[in-house]
Each structure stands twice: as structure tokens, then as C-alpha cells.
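One is the number of the first residue; the rest follow in order along the sequence.
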Amino acid sequence: MTRLLANAWTWVFRGLRTRNPALTAVGGALAAISWIRRSNRGRELLWAKTLAPGESYRVRLLGPEGEVESELDIGNPPGS
């Protein structure tokens with residue numbers, strides 16, 4: 001559990017115990033922000049582009065020696 005999330009839940013429960021709605025709301029907002037930040041781990045968008053009809057890109061995975069290990073053609077086939 002991250003420090004932000006721990007503090008957020010502490011503030012939520014302290015706000016509930018002392019009947020302080022502002023503290024409860026701030027703690028709840030921080031808990032939500034922390035949850036959103038944690039749920040996006042491991043997913044990264046490196047590059048995005050809309051291709052024109054007939055346009056394509058070739059992605060090459062290079063090995064340790066610099067030779068091409070695999071290729072992937074991405075795009076719209078001509079006439080689609």
C-alpha cells in the first residue's frame with residue numbers, strides 16, 4: 001500500500017470518527033486518485049497514429065547483434 005493511500009484512508013476514518021465531512025471528502029478523493037494511479041501500472045501507450053487508406057508501417061524487433069528477429073506490418077490494405 002502506498003503512503004498516499006494509507007494517509008487517505010486515515011483521513012477518511014478520522015473524518016468519520018470526528019464527523020468532519022471535509023476531512024472525509026478529502027481522504028476519499030485522495031484514495032480515489034491513488035487507486036486510479038495504481039490501476040494504470042504496466043500499460044503504456046508508446047505511439048498512436050491514424051493511418052490513411054493504403055498507408056502502413058513496419059515494426060521490426062532487433063536482436064542483440066542488430067539483426068532483425070521479427071517484423072510486423074501494420075496498416076490498411078490497399079483498396080479498403
Side-chain angles (χ1 to χ4, degrees):
M1 184 182 316
T2 65
R3 191 75 184 142
L4 176 64
L5 187 58
N7 286 340
W9 284 114
T10 301
W11 291 354
V12 167
F13 291 126
R14 185 179 299 153
L16 290 173
R17 188 179 68 238
T18 61
R19 296 181 187 220
N20 184 345
L23 190 59
T24 304
V26 169
L30 285 176
I33 290 170
S34 179
W35 176 75
I36 290 169
R37 288 177 59 192
R38 272 190 350 178
S39 67
N40 288 334
R41 287 188 182 161
R43 289 181 270 160
E44 294 182 20
L45 179 63
L46 298 177
W47 184 65
K49 181 178 179 172
T50 302
L51 299 177
E55 187 178 19
S56 66
Y57 282 92
R58 178 170 289 159
V59 178
R60 292 185 178 132
L61 178 64
L62 300 179
E65 303 293 323
E67 74 279 0
V68 176
E69 286 188 358
S70 66
E71 291 184 354
L72 174 65
D73 288 325
I74 302 172
N76 303 320
S80 65

Inset, instruction - Among residues two or more places apart or on two chains, list those pairs meeting side chain to side chain donor-acceptor pair (under 3.5 Å) that have a residue in residues 17-27. - result: none

Legend entry - Euclidean distance, W35 CH2 relative to L5 CG, rounded to 0.5 Å: 12.0 Å

Inset, instruction - Could you list the residues that satisfy salt bridge (Lys or Arg N to Asp or Glu O under 4.0 Å) with E67, not counting sequence neighbours? - result: none

Legend entry - Chi angles and distances behind the side-chain contact (heavy atoms from CB on, under 4.5 Å) call for I74, V59: CA-CA 8 Å; I74 302 172; V59 178; 3.7 Å; yes

Legend entry - Nearest-0.5 Å distance that lies between atom CG in D73 and atom CZ in R60: 9.0 Å

Inset, instruction - Report the distance from atom CG of L23 to atom CH2 of W11, rounding to the nearest 0.5 Å. - result: 7.5 Å

Legend entry - Closest non-hydrogen atom pair between L4 and L30, with its separation: CD1-CD2, 3.9 Å

Legend entry - T10 side-chain N/O to A6 backbone N/O, donor-acceptor pair under 3.5 Å: yes

Legend entry - Taking every non-hydrogen atom, the tightest pair across A8 and A31: CB-N, 3.4 Å

Legend entry - Closest approach of E69 to P64 (non-hydrogen atoms, all atoms of both residues): OE2-CD, 3.7 Å

